[in-house]
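Indexing begins at 1, ligand by ligand and atom by atom, following the structure's order.
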Amino acid sequence: VTLAACGGSDSGSNGGSKGSGELSGTVTWWDTSTVGSEDKVFKQVAEDFTKKHPKVTVKYVNVPFGEAQNKFKNAAQSGSGAPDVIRSEVAWTPDFASLGYLAPLDGTSALKDSDDFLKQATASTKFNGKTYAVPQVIDSMGIFYNKKIFKDAGVQVPKTIDELKSVSAKIKQKTGKTGLYLRGDDPYWFLSFLYGEGGDMVDAENKTVTIDDAKGVKALATVKDLVDSKAAITDATNGWDNMQAAFKDGKVAMMINGPWAVTDTYAGKEFADKANLGIAPVPAGSGGQGAPQGGHNLAVYAGSKNLEASYAFTEYMTSVETQTRISKELSLLPTRQSVYIKPDVATNEMISFFKPVVDKAVERPWIPEGGSLFEPIKVEYTKVLTGQTTPEAGAKAIGDSYRKLLKDWK
Ligand SMILES: C[C@H]1O[C@H](O[C@H]2[C@H](O)[C@@H](O)[C@@H](O[C@H]3[C@H](O)[C@@H](O)[C@@H](O[C@H]4[C@H](O)[C@@H](O)[C@@H](O)O[C@@H]4CO)O[C@@H]3CO)O[C@@H]2CO)[C@H](O)[C@H](O)[C@@H]1N[C@H]1C[C@@H](CO)[C@H](O)[C@@H](O)[C@@H]1O
């Protein structure tokens, strides 16, 4: 009896599924979702795979977002300790693919009904004409605001940076609270201000660094002014916890954030009544209005000893059924068009808000170096916000770092 016929597994350490027989063995999945709000749902969903494939054991491992990229690269490079499947942030995917650490998925069971995926979500999964991941969630950013504070202060949601400042001043005067918590230790929070001045990190088409042009300088000056004018408070470290605490406790009226913050925010005392949470587009600057595109894919490690079960797990985790469940339970945005019309999803206010925002979110270049464009911003953005450098010097320093990273770019 050949192995394929009885669908048995080989003797590999992970076990593994051979041929068209029943799947078996272990699939280790590294999830990077937020502990305390998203992780328990993702863990449950992942382990429910075994209901469909009783001979497969799913080993769920939560790896902090800030550590996972390097941890995976080190494990893949050393050939030991890498998971079978990883939640690969949109910028990590071209990076891992260019290093040969991801299994190409074209023609495998991981990719089902791929026309159903949003084009902008698919973009980061392609490298050198092949598909190296499957889109799981897509996101962008908006203003989260506390409706009660806005009512007490008698103000409307700001549409521009100038209105953000005047609304914050009125909130301070009427309620004593600060208008905005502006996260200062994560470069993602700078991007909507950069787009608001009509700027961008680079012009990939013309291989030109643009972040240190006048618009980039103006954007850094804008965020600095929000803090100096006391319209916003910020922190150089521990930004996520401080931002969530300040907003959930009603110490600030607004924060800029994304769908991944919704579940944690609803746990705040100010939002026990979910209706008190408002959501609006990020404010326009002097040169435009735009929010960034982010998100996460699922990718299979090229060295997995259980590819068949890993492909099937990836397909399950990004299926219509699973995306509908994740959207319902966590208000995260699906990457499949067909999921947006499911009743549980179509009636979700957060998803209805973010879908048009995601449709016009500003994409960035899906090149292997794409993720490395953020570290230089992180350093200078925080220094500008805390007065350690000027917008001009900060923008120049970021641009210089980019030109070192992106050889032969102007
Ligand atoms: C500095 C980093 O720059 C980039 O990251 C960009 C990223 O590309 C942008 O898209 C954006 O990410 C959004 C994201 O789209 C959005 O979904 C959300 O994610 C939620 C999840 O939703 C939530 O479930 C949970 O997981 O928690 C997630 C996080 O909240 O928010 C993210 C923004 O936080 O912004 C990132 C910049 O922050 C690089 O890619 C690296 O990550 C780099 N870090 C490492 C680079 C290593 C050198 O290789 C260095 O040695 C290490 O020490 C550094 O840590």
Minimum-distance protein heavy atom relative to atom 19 (O) of ligand 1: H296 NE2, 3.5 Å
Looking only at protein heavy atoms, which one is nearest to atom 3 (O) of ligand 1, and how far off is it? F374 CB, 3.1 Å
Only residue of L194, D228, L182, I161 satisfying side-chain contact (heavy atoms from CB on, under 4.5 Å) with V223 is L182
contact_flag R364 ligand 1 heavy-atom lt 4.0 Å: yes
Atoms of ligand 1 less than 4.0 Å from G295 heavy atoms? 15 (O), 17 (O)
State if W189 counts as touching ligand 1 under the rule of any non-hydrogen atom under 4.0 Å. yes
Identify, by atom number and element, the atoms of ligand 1 in contact range of G294, meaning under 4.0 Å from any of its heavy atoms. 15 (O)
Going by an N to O cut-off under 4.0 Å, is there a salt bridge joining K119 and D359? no
Tell me whether R403 is salt-bridged to D212, with the criterion being a basic N under 4.0 Å from an acidic carboxylate O. yes
Name the closest protein heavy atom to atom 31 (O) of ligand 1, giving the residue it belongs to and the distance to 0.1 Å. W260 CZ2, 3.4 Å
The atoms of ligand 1 lying under 4.0 Å from a heavy atom of T32, numbered in the order shown, are 25 (C), 26 (O)
Taking only non-hydrogen atoms of E38 and a 4.0 Å limit, the atoms of ligand 1 in range are 23 (C), 24 (O), 25 (C)
Ligand-residue contact atoms, ligand 1 with Q69, heavy atoms, under 4.0 Å: 41 (C), 42 (O), 45 (C), 46 (C), 47 (C), 49 (O)
Determine, for K130 against D106, whether the closest basic-nitrogen to carboxylate-oxygen distance falls under 4.0 angstrom. no
Yes or no: does R87 have any heavy atom under 4.0 Å from an atom of ligand 1? yes
Check for me whether K355 meets the cation-pi criterion with Y340, that is, NZ or CZ under 6.0 Å from the six-membered ring centre and within 45 degrees of the ring axis. yes
Any idea which atoms of ligand 1 are less than 4.0 Å away from a heavy-atom of G66? 52 (C), 53 (O), 54 (C), 55 (O)
Begin from the C-alpha positions of S319 and E321 and carry the test side chain to side chain donor-acceptor pair (under 3.5 Å) through to its verdict. CA-CA 5 Å; S319 65; E321 180 195 1; 4.7 Å; no
Carboxylate-amine/guanidinium proximity below 4.0 Å for D344 and R325: no
Restricting to heavy atoms, the pick from S33, S372, G371 nearest atom 4 (C) of ligand 1 would be G371
